[in-house]
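Everything below concerns the one structure shown next.
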Amino acid sequence: MPRKDPDASKSSFFLDKLLDAAVDIKQNPEAAERVYMARHLVQCTLPHSDPGNVNIWRRRNGNVTLSIRPHIGKDDKALYPYGSIPRLLLFWMVTEATRTKSRRITLGDSLPDFMREIGLNPRNGSGERSDVARLKEQMTRLFTAQINVEQAEEAHEMNVYMPVTSKTEFWWAFKTSADRSLWDSWIELGEDFFKMVTASPVPVDMRALRALKRSPLALDLYAWLTYTVFAANKNKANRIVPWKGLHDQMGGEYARTRDFRSKTLEAIKKIKLVYPALVIESTDEYLIVHPAKTAIESKE
DNA sequence: CCGAAAGTTAAGCTTGGAAT
DNA sequence: ATTCCAAGCTTAACTTTCGG
């Protein structure tokens, strides 16, 4: 009873999931699963793919520069966090830090539960390409990295160098399913990193993250748009953002801003499915974000 | 602007072996 | 024999470049 039917079922599993999430979010706005991202990390973002063995990695947004100093592995290779997994981890870390107001964050006692919580699938094998293996790799890369924020104004310059974590303890018992618990695995966020991420958290909907998680660009844009709408509402005015500037802060590595622009507009189409209240205008030079309902109903 | 091509990453499927 | 994993394989998506 073979699963044949190349065309019908093939259409697009991923698109189905996106549409399911879109319907759910539209029909059940009150069921939002509120998670947070830090404002600074919304404005400057992580690499999409492995930058390879380079010394440092930078993103600039106006006079704020975010850089990442990677952990150096045994063979002297730079190990950057990249792709969607460290982004999902950051959403989780910021959310837990905000919720508990504590630098120490526990991972719970079950690895599969933890994975589901951050939007990964614990049951897709354990090979090199599985979520478990990639999660473990990206956890190491993210937790051992140092994130720096450099703020330069006319007569004033402020630099903060923040190790993401100061201490970690993991109990990976991967061998058999009975051992698949994290016991009391925990991480302790670096002091300054903790201050930064809890200073001004931006609330987003976990359901949207799960739907967009295949695209680092879409994840970044969704969080950024949520924040930008919030800022537009606050000023009661449209936010007018030059494509060039947006490209600098989250552009992946597109050589031409116009390529970045067209890919971003495609990603925004998907984001509008999970954030239907968005009102966006686009010109050759600018992306214009209108005041609108925020991605999440404000707390009562 | 549009679409094709090339290179990465994500996700599902298959297989083989160990444990029950 | 059946179940459960680990590992490998294949295909779908995504990112980036480039030329018409």
Side-chain angles (χ1 to χ4, degrees), chain A residues 1-22 45-54 57 59 77-89 91 110-112 115-116 118-139 141-142 172-181 208-224 243-244 246-271 273-274 282-287:
Chain A
M1 241 158 41
R3 68 252 146 72
K4 271 272 134 133
D5 198 36
D7 278 352
S9 64
K10 189 175 211 162
S11 64
S12 170
F13 186 67
F14 175 65
L15 190 59
D16 287 349
K17 282 208 294 199
L18 180 62
L19 293 174
D20 285 350
T45 61
L46 299 178
H48 291 168
S49 57
D50 193 349
N53 200 20
V54 297
W57 193 90
R59 277 272 170 271
K77 289 279 183 356
L79 300 174
Y80 286 89
Y82 65 89
S84 50
I85 290 177
R87 289 168 164 80
L88 294 170
L89 280 167
F91 281 110
S110 152
L111 181 58
M115 291 179 68
R116 274 186 284 270
I118 66 175
L120 296 176
N121 176 8
R123 307 192 59 75
N124 61 1
S126 58
E128 214 180 336
R129 313 185 104 83
S130 67
D131 280 5
V132 198
R134 288 182 300 118
L135 171 65
K136 200 176 164 191
E137 173 71 19
Q138 292 296 334
M139 279 173 88
R141 287 170 175 247
L142 178 62
W172 303 107
F174 273 120
K175 284 300 169 201
T176 73
S177 65
D179 291 337
R180 275 196 160 223
S181 77
L209 301 184
R210 278 194 290 265
L212 299 172
K213 73 168 183 200
R214 253 189 128 153
S215 162
L217 178 63
L219 285 174
D220 291 345
L221 282 169
Y222 170 68
W224 177 80
W243 284 111
K244 178 74 174 65
L246 193 58
H247 185 193
D248 285 346
Q249 64 177 283
M250 58 178 60
E253 308 301 327
Y254 294 100
R256 308 187 303 195
T257 295
R258 65 178 192 273
D259 285 332
F260 167 73
R261 176 179 178 277
S262 78
K263 300 302 174 188
T264 297
L265 288 171
E266 275 176 36
I268 287 178
K269 279 187 202 158
K270 284 183 204 145
I271 293 170
L273 292 172
V274 291
S282 157
T283 70
D284 284 350
E285 292 286 316
Y286 301 102
L287 175 69

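First the proteins, then the strands, lettered A, B, ... as listed; each starts at 1.
Not a single side chain to side chain donor-acceptor pair (under 3.5 Å) links A:Q138 to another residue, sequence neighbours left out. Take A:E137 and apply the salt bridge (charged side-chain N to carboxylate O under 4.0 Å, His left out) test, not counting sequence neighbours, and it matches A:R141. For A:S49, the side chain to side chain donor-acceptor pair (under 3.5 Å) criterion is met by no residue, not counting sequence neighbours. Take A:A78 and apply the side-chain contact (heavy atoms from CB on, under 4.5 Å) test, not counting sequence neighbours, and it matches A:N53, A:P70, A:I72, A:Y80. Among residues two or more places apart in sequence or in another chain, the side-chain contact (heavy atoms from CB on, under 4.5 Å) test is passed with A:D248 by A:K244. With sequence neighbours excluded, no residue forms a salt bridge (charged side-chain N to carboxylate O under 4.0 Å, His left out) with A:R258.
Comparing the start and finish of the helix from B:dC1-C:dG20 to B:dT20-C:dA1, five pairs each, the helix axis swings through 20°, to the nearest 10 degrees.
For the pair A:H48 NE2 and B:dA10 P, the interatomic distance rounds to 12 Å; values are reported in whole Å. Regarding A:I85, its CD1 atom lies at a distance of 10 Å from the C1' atom of B:dT9, rounded to whole Å. The CZ-P distance, from A:R261 to C:dT15, rounds to 17 Å in whole Å. In this structure, the CG atom of A:L46 is 14 Å from the P atom of B:dT9, given to the nearest Å. Remark: P of C:dA13 and CD of A:E266 are 14 Å apart, rounded to the nearest angstrom. Following rounding to the nearest Å, A:Q138 (CD) and B:dT9 (C1') show an atom-to-atom distance of 11 Å. If you take CZ of A:R134 and P of B:dA10, they are 5 Å apart, rounded to a whole angstrom. For the pair A:R87 CZ and C:dT15 P, the computed distance is 9 Å after rounding to whole Å.
Here the side chains of A:W224 and A:I271 are not in contact, with every heavy-atom distance at 4.5 Å or above. Side-chain contact between A:L287 and A:R261 is absent, with no heavy-atom pair separated by less than 4.5 Å. Between A:L209 and A:V274 there is no side-chain heavy-atom pair separated by less than 4.5 Å.
Considering only the side chain of A:K270, C:dC14 comes nearest among C:dT15, C:dC14, B:dC1.
Looking at heavy-atom distances under 4.0 Å, A:S84 makes contact with sugar-phosphate atoms alone, never a base.
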Dump every N/O contact between nucleotides 18-20 of chain C and the protein below 3.5 Å, one line per pair.
from   : atom 1 : to     : atom 2 : distance (Å)
C:dC18 : N4     : A:R256 : NH2    : 2.9
C:dC18 : N4     : A:D259 : OD1    : 3.2
C:dG19 : O6     : A:R256 : NH2    : 3.3

Distances under 3.5 Å between protein N/O atoms and the N/O atoms of nucleotides 4-8 of chain B, please, pair by pair.
none

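The aromatic rings of A:H247 and A:F260 sit parallel to each other, their planes meeting at less than 30°, with 60° as the upper class boundary.
Remark: side-chain polar atoms of A:W57 are not paired, donor with acceptor, to backbone N or O of A:L46 under 3.5 angstrom.
Within the structure, every side-chain polar atom (N or O) of A:R214 is placed at least 4.0 Å from both OP1 and OP2 of C:dT15.
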